[in-house]
Amino acid sequence: MLSTNHIIDMSDLTAEDIQTILDTAESFKEVNERRIKKLPTLRGRTIINLFLEPSTRTRMSFEIAAKRLSADGVNMTGSASATVKGESLRDTAMTLSAMACDLIVIRHKYAGAPRVLAESMDAHVINGGDGMHQHPTQALLDLFTIRERLGKLEGLRVGIVGDIAHSRVAGSLIPALRMVGATPVVIGPPTLMPARPDILGAEVSTSLDEALPDLDVAYMLRIQMERAEGMPFPSLREYARFFGINRRRLDRMRPSAIVMHPGPMNRGVEISSDVADSDRAVVLNQVNAGVAVRMAAMYLLLGGEAV
Ligand code: CP
């Protein structure tokens with residue numbers, strides 16, 4: 001059981017909840033390595049995936065996670081829903097509530113949309129990414145991956161590099177790292193920092209080269225041209241030159257340090273292809289962890305005991 005009914009932002013969770021989710025995900029990861037990857041745990045429960053923005057990793061992993069727990073999963077995308085006819089989110093929520101679903105996973109372009117949903121229905125809500133706000137299950141799978149690879153979380157220094165101002169991944173990962181005793185270090189050009197980086201609760205650096213040698217993790221954010229108004233730096237080549245991870249920079253990191261990326265990657269911009277495909281990058285481990293962590297989140301929200 002968790003201390004919350006919803007996972008909408010990291011502040012919904014306690015440090016103990018995070019620990020419970022990560023430990024439970026470890027058991028589910030073992031299930032995912034079996035030939036028959038299925039448990040009867042959520043039989044008879046109905047889970048709706050309401051994805052009103054594009055997604056590959058988050059949507060597919062929630063779908064797979066629901067199937068592996070034997071829940072009845074229903075998927076709804078933006079173009080196929082009545083939102084294109086102008087239905088409000090509150091009306092959509094009440095409509096889905098009338099169908100007695102147990103849990104909704106929502107991705108929406110507007111920050112705050114998952115909270116509106118949670119306030120308008122009885123079902124549990126998981127935020128699959130809302131605008132520039134948060135993406136909490138991404139942060140949880142990132143913590144899982146770091147702990148799996150480096151054996152601990154407490155005391156680590158995690159550099160989050162790039163578009164801090166527009167990133168919901170950073171929005172969840174910064175508080176998540178603090179909750180487990182790690183130190184977030186945000187790194188990027190001033191044009192990609194929020195107006196008040198000092199209130200993020202992270203160390204702030206404008207030089208990747210200076211920050212790199214002291215990091216345990218370099219977490220490269222995607223450059224999100226679809227959210228930024230124009231290019232907030234001279235060119236992609238210039239960005240890659242100062243803020244992209246490449247082999248030369250990787251060689252300046254601690255031998256145990258790892259490189260992470262939430263995907264989808266812009267190869268050659270925030271991460272070079274040789275680094276992305278190297279054994280120091282854990283991008284596919286993150287994707288793999290995503291299924292187990294989302295199984296754990298759904299299972300625990302729906303009343304399961306820690307395993
Ligand atoms: N990391 C992530 O949220 O990827 P998708 O947009 O593919 O879901």
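In listed order, ligands and their atoms are each counted from 1.
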Heavy-atom count around [X] [atom1] within 6.0 Å, excluding the residue itself: above 12?
X	atom1	result
Glu238	CD	yes
Arg267	CZ	yes
Glu154	CD	no
Arg254	CZ	yes
Asp122	CG	no

- Message: I'd like to know whether ligand 1 has Met60 as a neighbour, heavy-atom separation below 4.0 Å.
- Response: no
Heavy atom of the protein closest to [atom] (residue, atom name, distance):
atom	value
atom 2 (C) of ligand 1	Thr58 OG1, 3.6 Å
atom 6 (O) of ligand 1	Arg107 NH1, 2.8 Å
atom 4 (O) of ligand 1	Arg57 NE, 3.1 Å

- Side-chain H-bond candidate by donor/acceptor type, Ser120 with Arg90, under 3.5 Å: yes
- Arg59 to ligand 1: N or O pair under 3.5 Å? no
- Task: May I ask you to check whether Pro262 has an N/O atom sitting below 3.5 Å from an N/O atom of ligand 1?
- Result: yes
- Item | Thr56: numbered ligand 1 atoms lying under 4.0 Å from its heavy atoms | 5 (P), 7 (O), 8 (O)
- Note on the structure: For Gly263, the ligand 1 atoms with a heavy-atom partner under 4.0 Å come out as 1 (N), 2 (C), 4 (O)
- Task: Name the option, out of Ser55, Gly290, Gly128, that contains the heavy atom nearest to atom 5 (P) of ligand 1.
- Result: Ser55
- Do Phe243 and Phe233 have their ring centres less than 6.0 Å from each other? no
